[in-house]
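See below for the structure under consideration.
First the proteins, then the strands, lettered A, B, ... as listed; each starts at 1.
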Amino acid sequence: MSTPRLRFAPSPTGYLHVGGARTALFNWLYARKTGGAFVLRIEDTDVERSSADMVTGILDGMRWLGLDWDEGPEAGGAHGPYFQSQRLARYRELAEQLVREGHAYYCYCGTDKERPDGPAFAGDARAAASGGGSAADREGGEGGTPRGESWTYDRRCSRLTPEEVAAREAAGAPRAIRFRVPEGETAFRDLVHGDITFDNAHIEDFVALRSDGHPTYHLSVVADDIDMAITHVVRGDDHISNTPKQVLLYRAFGKPLPAFAHVPLILGPDKRRLSKRHGATSVTEYRRQGYLPEAMMNFLALLGWSPGSDQELFTRDELVAAFSLEGISLSNAVFNPEKLEWFSAQHIARMPSPELVRRVEPLLEEAGLWPVRPGPESPVAGAPGPAIAWLARLVELLRPRAKRLTDFVEKGRPFLVEHIEYDAAAVQKYLSSPEARAHLAAVGEACASVEPFAAAALEPAIRALAGSRGVKAGALVHPTRVAVVGRAESPGLFEVLELLGRERVLARIGRALRLGA
RNA sequence: GUCCCCGUCGUCCAGGGGUUAGGACGUGGCCCUUUCAAGGCCAAAACACGGGUUCGAAUCCCGUCGGGGACGCCA
């Protein structure tokens, strides 16, 4: 077989959500693994609900995740255009071809609500589900004999005489094009689920071209997948029941079927399909929350796919190397934000320092914390080397307890502002007693003279001081921590002191001493 | 309702005729420790149910139940 060609075909009626992102990821992984092409196609035939902003958002989300496409918007390609709204003539041509060849017919029924005599259906699924419509009702109607037991369009327009057609055309009745579903069964092989067979009696004569000339989903995907030479259709399980219609279309066009692979859906904690009401579902939202894109990719890849081993942490390249369609699981998966956070922490822990600094810096800038303003208490003032080197030290100090990039902003704040805020509870707990304040004052004196002002010298000095004062080191450490960062938690105190520098440490201890005086 | 898909710890995955049913997240405990994390160790925690087939079933078959999805001139 020629090289694989895969595609991700979102409709720009919303942002890129995690389900779509994972579908895109599986397609991308397979394309990259096999050296095939990854095509991005925008399915914007629903003019009402599509918007250019959504396209931009989806593209941004893809880029953030690192899912680059070989053909599509902004990339071009030999099979364009890649916006369905620019391919309308092609769909019409194909729809007319179907009619010409007897695979489809004109339908003048209009939509359900447009018809004065109600649905032209042997039954109405929604009404029946809510208690309406008996079997007797269904079978009585004019021309309405149910084919099989499903409630499908009664095909009344397929039986129109030439005179009736002429009359409707003369009256200027809007017409859609409906596909004529043949008798029999439609089967296809799914790479994930195996062979799947549908009785055609359950497939209705679906609309291929709307009366406004726009194609429906079934026509446009098949037309595009044929024209774009797509070899593998990897998409959500929710498309399984659409597939027989599309298979019928491929046959009517006389084209070979692509390989289908339907991947399980991503569910919310309530086991229902993940949606807005489950909270954050857009990829952009996770980006905003500070998750690393490589963590998101890693997490998403393992939702519904397994390498067959116990390995969980993967780099992008490792995923590409390990990926295979055989590892896709059969059952739906619940999205677990806590595990995502774990992946994020793990990827932060493994990221090379310069890269991590490069990611943190813009967030600090956005928060107005970087670059630091010049001044006597500027954190980098007394520090050796360029400011970026100082930032790298800060990032390394914070790294072990960072789960997201935003943690560097929040936990880094005391190191980047001149006047820190004091947490009331921490002050109350560690700085309110006279003993604590006396200890703190003593630490201040020690800090004024210890040489060099580095963790390696500070630690023995402060421990010795604790010994001479007859207390445990903690009795000095805790008040000092609160004094210099304003909180009860921080990285190791001695490293904190060193990074802060003598000037700022002494200033903050002095201020803390005056705090409740 | 009809059709389709699915069913291993709370969650994500491994296993797939004979295993003490494995790993990870989360949870609990312990260790480390100046705090908080991180890290290390330990623990609790699952084969939906019922029939077959078989010497033997979590694994194969059937049924039941449960869950999900699709039934638009949405995609």
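Under the ring-ring contact (aromatic ring centres under 6.0 Å, His included) criterion, A:His218 pairs with A:Phe206, sequence neighbours left out. Taking the ring-ring contact (aromatic ring centres under 6.0 Å, His included) definition, one finds that A:His239 meets it with A:Tyr217, sequence neighbours left out.
Annotation: salt bridge (charged side-chain N to carboxylate O under 4.0 Å, His left out) contacts involving residues 12-27 of chain A, sequence neighbours excluded, are absent. Annotation: salt bridge (charged side-chain N to carboxylate O under 4.0 Å, His left out) contacts involving residues 473-487 of chain A, sequence neighbours excluded, comprise A:Glu410-A:Arg487. Pairs passing the salt bridge (charged side-chain N to carboxylate O under 4.0 Å, His left out) check and including a residue from residues 306-315 of chain A, sequence neighbours excluded, read A:Glu312-A:Lys339.
Listed nucleotides: B:rA75, B:rC4, B:rU11. Nearest to the side chain of A:Lys271: B:rU11. Closest to the side chain of A:Arg272, out of B:rC73, B:rC3, B:rG69, is B:rG69. The side chain of A:Ser329 sits closest to B:rC13 out of B:rC73, B:rA70, B:rC13.
A:Asn200 has its CG atom 12 Å from the P atom of B:rC4, to the nearest Å. Summarising the geometry, the separation between CG on A:Leu40 and C1' on B:rA75 is reported as 15 Å, rounded to the nearest angstrom. Atom CH2 of A:Trp342 and atom C1' of B:rA38 are 13 Å apart (whole Å). Atom P of nucleotide B:rC71 and atom CZ of A:Phe206 are separated by 13 Å, given to the nearest angstrom. The interatomic distance linking A:Ile203 (CD1) with B:rC4 (P) rounds to 11 Å, in whole Å. In this structure, A:Gln311 places its CD atom 15 Å from P of B:rG15, rounding to the nearest Å. Note: CG (A:Leu209) to P (B:rC73) measures 13 Å, nearest angstrom. Rounded to whole Å, atom C1' of B:rG68 lies 15 Å from atom NE2 of A:His262.
The pair A:Arg401-A:Asp407 does not meet the salt-bridge criterion, since no charged nitrogen lies less than 4.0 angstrom from a carboxylate oxygen. We find that A:Arg156 and A:Asp154 are joined by a salt bridge, their nearest charged nitrogen and carboxylate oxygen being less than 4.0 Å apart.
Here the side chain of A:Asp190 pairs a donor or acceptor atom with the backbone of A:His262 at under 3.5 angstrom. Under the 3.5 Å distance criterion, the side-chain polar atoms of A:Arg168 are left unmatched by any main-chain donor or acceptor of A:Tyr108. Remark: side-chain polar atoms of A:Ser344 are paired, donor with acceptor, to backbone N or O of A:Lys403 under 3.5 angstrom. At least one donor-acceptor pair closer than 3.5 Å links the side chain of A:Arg437 to the backbone N or O of A:Leu431. The backbone N or O of A:Ala455 sits less than 3.5 Å from a side-chain atom of A:Glu498, completing a donor-acceptor pair.
Comparing the C1' positions of B:rA57 and B:rC47 gives a spacing of 11 Å, expressed to the nearest Å. Separation of the P atoms belonging to B:rC6 and B:rU27 is 34 Å when rounded to the nearest angstrom. Atom name C1', nucleotides B:rA46 and B:rC12: the rounded distance is 13 Å, in whole Å. As rounded to the nearest Å, B:rG40 and B:rC62 have P atoms that lie 45 Å from one another. When the P atom is used for both B:rU8 and B:rA58, the distance is 15 Å, rounded to whole Å. Remark: the separation of the P atoms in B:rC25 and B:rC60 is 29 Å, to the nearest Å. Distance check on atom P: B:rC61 versus B:rU53 gives 15 Å, rounded to whole Å. Going from the C1' atom of B:rG10 to that of B:rG28 covers 14 Å, rounded to whole Å.
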Inset, instruction - Could you run through nucleotides 27-37 of chain B and give me one letter per nucleotide, 5' to 3': B if any protein heavy atom sits under 4.0 Å from the base, S if only the sugar-phosphate is that close, - if neither? - result: -------BBBB
Inset, instruction - State the dot-bracket string of RNA chain B. Criteria: Watson-Crick or G-U wobble, both atom distances under 3.5 angstrom; notation: ( ) intrastrand, [ ] crossing earlier pairs, | interstrand, . unpaired. - result: (((((((..((((....[...)))).(((((.......)))))....(((((..]....))))))))))))....
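Between A:Leu458 and A:Phe453, some side-chain heavy-atom pair lies under the 4.5 Å cut-off. Counting heavy atoms from C-beta on, the side chains of A:Asp237 and A:Ile240 come closer than 4.5 Å. Within the 4.5 Å cutoff, side-chain heavy atoms of A:Ser353 are placed close to those of A:Arg399.
Nearest-nucleotide positions on RNA chain B place A:Phe198 closer to the 5' end than the other of A:Phe198 and A:Ser309.
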N/O-N/O pairs, protein side and nucleotides 21-23 of chain B side, under 3.5 Å:
from, atom 1, to, atom 2, distance (Å)
B:rG23, O4', A:Asp310, OD2, 3.4

Close N or O pairs between protein and nucleotides 45-49 of chain B (under 3.5 Å):
none

Collect all protein-nucleotide pairs involving nucleotides 6-9 of chain B in which both atoms are nitrogen or oxygen and the distance is under 3.5 Å.
from, atom 1, to, atom 2, distance (Å)
B:rC6, OP1, A:His193, ND1, 3.3

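Here A:Ile462 lies out of heavy-atom contact (under 4.0 Å) with every strand. Residue-level contact check: A:Thr197 touches the backbone only, with heavy atoms under 4.0 Å from sugar-phosphate atoms and none from bases. Residue-level contact check: A:Arg49 touches the bases, meaning some heavy atom is under 4.0 Å from a base atom.
Between A:Phe26 and A:Phe323, the angle of the ring planes lies from 30° to 60°, which puts this pair in the tilted group. Between A:Tyr250 and A:Phe260, the ring planes lie perpendicular to each other; the angle is over 60°, past the 30° to 60° tilted range.
Close placement of the A:Phe335 and A:Phe299 rings is indicated, their centers lying within 6.0 Å of each other.
With A:Thr186 as the fixed residue, the side chain to side chain contact (heavy atoms under 4.5 Å, CB included) test singles out one of A:Thr243, A:Leu248, A:Val181, A:Asp199: A:Leu248. Checked against A:Asp205 for a salt bridge (charged side-chain N to carboxylate O under 4.0 Å, His left out), the options A:Arg155, A:Arg178, A:Lys245 give a single hit: A:Arg155.
Summarising the geometry of A:Val485 relative to A:Ile420, their closest heavy-atom pair is C-CD1, 3.5 Å, with the distance given to 0.1 Å. The shortest heavy-atom contact between A:Tyr286 and A:Val18 is CE1-CG1, 4.0 Å.
Contacts of residues 343-350 of chain A with RNA chain B (heavy atom under 4.0 Å): A:Gln346. For RNA chain B, the residues of residues 238-249 of chain A within the heavy-atom distance limit of 4.0 Å (strictly under) are A:Asp238, A:His239, A:Ile240, A:Ser241, A:Asn242, sorted by number.
Using modelled atom types and a 3.5 Å distance limit, the side chains of A:Ser11 and A:Thr13 yield a donor-acceptor pair.
Contact between the side-chain N/O atoms of A:Thr45 and the OP1/OP2 oxygens of B:rA75 is found at a separation under 4.0 Å.
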